[in-house]
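Report on the following structure.
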Amino acid sequence: MDARHLIMFYVKLLLFTFISCPLFADQDNIVLVTEKNTSALSKLVSHLSNIAPQFNYRVSTVENPASIGLNDYVIAIGAKQAKHADLLRYPNRIAVMLTAKQAESADVATSIFIEPPLARQLKLANLLIPGSKKLGLLVSNDDDKNKIFTTLTNAEQEMLQVINVEDYENINQALFHVLKETRLLLGHYDNKIYNAKNIKNILMTSYRQQKVLVGPSRAYLKAGSFSTTFSDLSHIAQRIIDVVEHHKKSGHWLKTGYNPHYRILFNTQVARSLNIRMLDTAVLQQKMGEK
Amino acid sequence: MTKLLLSIVFGWISVAAMSQETDLNGFESQSYTDDFGWEEESMLGETLPMVLTASRLKQPKAEVPASVTVITAAQIKVWGARTLPELMKFVPGMFVGHTDNENNASLAYHTSNPNIMRRLQVLVDGRSVYKSAIATVIWDDIGLAIEDIDRIEVTRGPNAALYGANSYLGVINVLTKHPEDSQGSLLSWRKGNKGTQDVHFRHGLTFDSTSLRISGSVKADEGFDGRDATGSDELRDGRKHGFINAYVNHHLDESSSLDVQIGYKSGKTEMRQIDFDQNPPDKTTKNGYVFGRWQKEFSAQHQSHLQMYWQKEDRQQSKYVCVPTLAFDTDLTQLHRQNSVWADALAGVPAAYNNYDPDAKNPGISPAQLEGLVTGLRSGSLDIDTIAGVGFVVTQADLDLTQTILSKPTDQALIFSQVPCGNTDTDLAEQRIDLEWQDTMRWSDDLRTVSGLSYRQDSADSETYFNGEVSNDTWRAFLNAEYRVGNWLTFNAGGMYEYETQNDAAFSPRLAANFLIDAQQSIRLVVSQAVRSPDLLESQPEFIVNVANLETNYLDLSSADFYQQNVVEEDEKALVQEKLTSYELGYFVAGHLMGTNTEFDIKVFHEEMRDLISDPITLQATNISNDNEADVDGAEFQLSSRLNSKHSLWLTYSYLDVDNRYVGNKLSAEEIVTVEKLERRLSSENSTVASWMYTDAAWSASLSYFNQDSRHISNPYERFQLNIIKPFVIAGINAEMSYYIQHNRQPKVPLNYKDQKHSTPNIYYAQLSLEF
């Protein structure tokens, strides 16, 4: 090769290297840490990739642990992972798919709660079934009530008729009293009350009295709850990206809290049976004032 | 016709005004076999059961293949009604009257004879309270507290396809509160004018998987005051009835539960003296029942129940009567079979002789003339033509038997003067055993069936009505299929087949199509047929009144049968089932109308009633037959509107065009006019109900107005009623005071018969309730 051709070769090589450089630059990693891989997790990763393809996604399970860099964003899936000692050395820990109560003992940078905020459920209930009577709320004990009330404004607190299950001999009696003078039952995420054992009684009693249960979450719609707001996997993915990108830009974390992304779901069979006229979901979300 | 068209126009205007906020496509469709199961698995750690399954959920109102009026516990409370018949006044097309001799409220949907309360099926928690021996519903015998009612579903129109024979004009389905919804104690006391005095208590509790409600009540009132009352009660028709019942629900396991109800009732209804009665023949009834229902959910799509009940009633009605000896002559009984008109005239001779009043407007035949007549008949000197001259058609055989009858006392004067007294009764014991299996199955998203089998045994024991015991066994099979075509059409097809030992087998079908304009709006077309089977007294009467312990008489009888009897031998049975075919076009919508939440239902209908038995079975009724028919055309609507969080409105209107006719050949022209008038007597061409209700934490009230014109009946009806409720707390106990007043704007007009009037236009009562 003569000198001219050799120089041209090195110039091209240099040019190619500079052009290709970004391709070989370090990508931010998002590592989802969970006990085992599930189809839901795969879907979550798929949503993440669609929303933010600029990140590199890896899944780390007990069976197949992935290597995690110190600067990686570690997404702890569930309360157990959120408290896992092995993850404490990673500063960028985000906990998802855990309740507000579970998040209290999670040692993470920030959390995204799984359940919908009661204030939002209350707003939805008021839009769906307006009326002058209060909304019924069952709580396990006074502590539970106080914690719930810290998330509500005074005006919102006034809308509720709160019945403490501990004050009665059994949940049937508490249910009787909470349904007595209220127009519907507002469920919140408390599996001491809303569990497989009690849900039949709660729903059958409410239905008998032509009253619906709003909430606590999507799983209860299958049982017979009337409506709820719900953050699905795409919403969870979106919020994760919101948190990560906010941190990347500002170096600060978004506050631990509820997922602002959600949709409204109905049990149409229950609605039809009780002759409840439902608003269009888009109209509802507009009235809810959030997206 | 104009009014009919106006009703339809009004309905369509309402349709146009209803805002449509959404359509079926706007609804979130649900799939439960989705990828959201991670929430249950990861968060809840357990799978939640499907509770409100398709088989458990009631049909949406827009898809119901019938016209249904639902009265809720909240409405019952704010309206202040104290009896079931009073509540039925709020149902469009329903008329509430009162029987003449039985002292019982009579209800009819569209039209019927007020003396018979037998064309409506009445159920309490699935148990029929329609009596079988003498087809009727005696409201005082039901043993149910208004305060325990959760709701009443009134199917306006025949519904034999689901509820069997005797669900002829309609069905009143009373559902009481579940024991779990009746926790704590309630004590209430009510007092008012017209002798109104009621006491009620209820206690409910739950423990483990069992809930229990015990309820008891005593109710009393004076009834009507009589035709001549000028300020006090001058009619003996009061009542006092009490009951106690218990309802237990037990969850056997996650998929099955058991309901058990038992009850006992005892009471007395005053009856006025008529005919030969020397003392008031008051009716005392005691009844009891045991009811059980086992419900099993095999899956989210499949649910069944097995139901059984036994009920028994003992009615006692004793009379001390004084009757002319003549009336106990067995030859007069024979004469009555030959020529009832002549026999009745002959039996009336002693009363005509002893009650003669020369100053009366129509004094009748004088005693001297009667003596001459009897002398001539005894001697055989009067012939057929002579008797025809006084207005009676007789044969020579009739005259010969008459001579035999009147010749028995040696002293002719005894025919007029001897009126021995004795004891009789119309005691009746009835029993029903009913067993039913019902199965609800959702085969797919589009197809649901309700099917079942049942057996019922009705039996009655009465010396007077049946000369002993009689019974009737009924086997039933029923099926109703509901099929959805997309989101726009629901078909219902069903029927009930019944086989009875005492009547012909019957099949009652129903076909309905509900065109769904949207989830809350539909047009329905319904065609259905129903039958009413003759009851035990209609189908196999041996109605003979026996008077015992007779005083001395020229026939030397210590015990004898009254000459008027109603006996049908097994091979003589001629009464067949009453039949009804109903055609209905209806429209239902629920939605927002000018800022209110409103439900509106309107229908036009055509009903063909055939083979009607228009007379109750009495001793005097000799020509009981299926020789009556009626065609009823009309329109009715009901509107229930929640104006805002505190104010509600209830509005109903009914227009009826009743064309009824006698199609037999056994009655005189005068009798035909009477019978045809009777079948319309419990009906109006135009009837309206309007009720405003106010509910607030501080107080509640209702103001209602009822109006029935006098087109079909001779008596118009117009009334206001007001009920006010004030809750308060006393010594930590929740209490309520309420005051109810009813103002009759036509106080001089009796309800159905002359004595059915109050001496005051205002009936009122106050109530105090304590809940703890």
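The sequence lines fix the lettering, A, B, ..., with proteins before strands; numbering per chain opens at 1. Predicted model only: the values in this text are computed from it and were never measured.
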Between chain A and each of B/R642, B/R484, B/H251, B/K177, count heavy-atom pairs under 4.5 Å; write down the option with the most. B/R484
How long is the span from the [atom1] atom in [X] to the [atom2] atom in [Y], to the nearest 0.5 Å?
X      : Y      : atom1 : atom2 : result
A/R208 : B/H178 : CZ    : NE2   : 4.0 Å
A/R183 : B/S645 : CZ    : OG    : 9.5 Å
B/N734 : A/E181 : CG    : CD    : 8.5 Å
B/L48  : A/K200 : CG    : NZ    : 14.0 Å
A/Q209 : B/R151 : CD    : CZ    : 11.5 Å
B/T206 : A/I171 : OG1   : CD1   : 11.0 Å

Does B/Q183 reach the main-chain N or O of A/H177 with its side chain, forming a donor-acceptor pair under 3.5 Å? no
Is the number of heavy atoms from other residues, nucleotides or ligands under 6.0 Å of [X] [atom1] greater than 12?
X      : atom1 : answer
A/K211 : NZ    : yes
B/K726 : NZ    : yes
B/D253 : CG    : yes
A/E35  : CD    : no

The interface call for A/K180 against chain B, heavy-atom contacts under 4.5 Å, is side chain
Residue part contacting chain B, namely of A/L274, when any heavy atom lies under 4.5 Å: neither
Check whether any side-chain heavy atom of [X] lies under 4.5 Å from a side-chain heavy atom of [Y], and answer yes or no.
X      : Y      : answer
A/K197 : B/E254 : no
B/E63  : A/R272 : yes
B/K58  : A/Q210 : yes

Taking side chain as everything from C-beta outward and backbone as N, CA, C, O, which of these in [X] sits under 4.5 Å from a heavy atom of chain A? Side chain, backbone, both or neither.
X      : value
B/D150 : side chain
B/A300 : neither
B/T72  : neither

Step by step, work out the side-chain contact (heavy atoms from CB on, under 4.5 Å) result for B/L52 and A/M204. CA-CA 7 Å; B/L52 297 183; A/M204 292 290 286; 4.2 Å; yes
Determine the option with the most heavy-atom pairs under 4.5 angstrom with chain B, choosing from [options].
options                : answer
A/V270, A/L41, A/I77   : A/V270
A/G224, A/S273, A/A79  : A/S273
A/T205, A/N195, A/L179 : A/N195
A/L203, A/N275, A/I199 : A/N275

Looking only at non-hydrogen atoms, find the nearest pair between A/F176 and B/E180 and report the distance. CD1-O, 3.6 Å
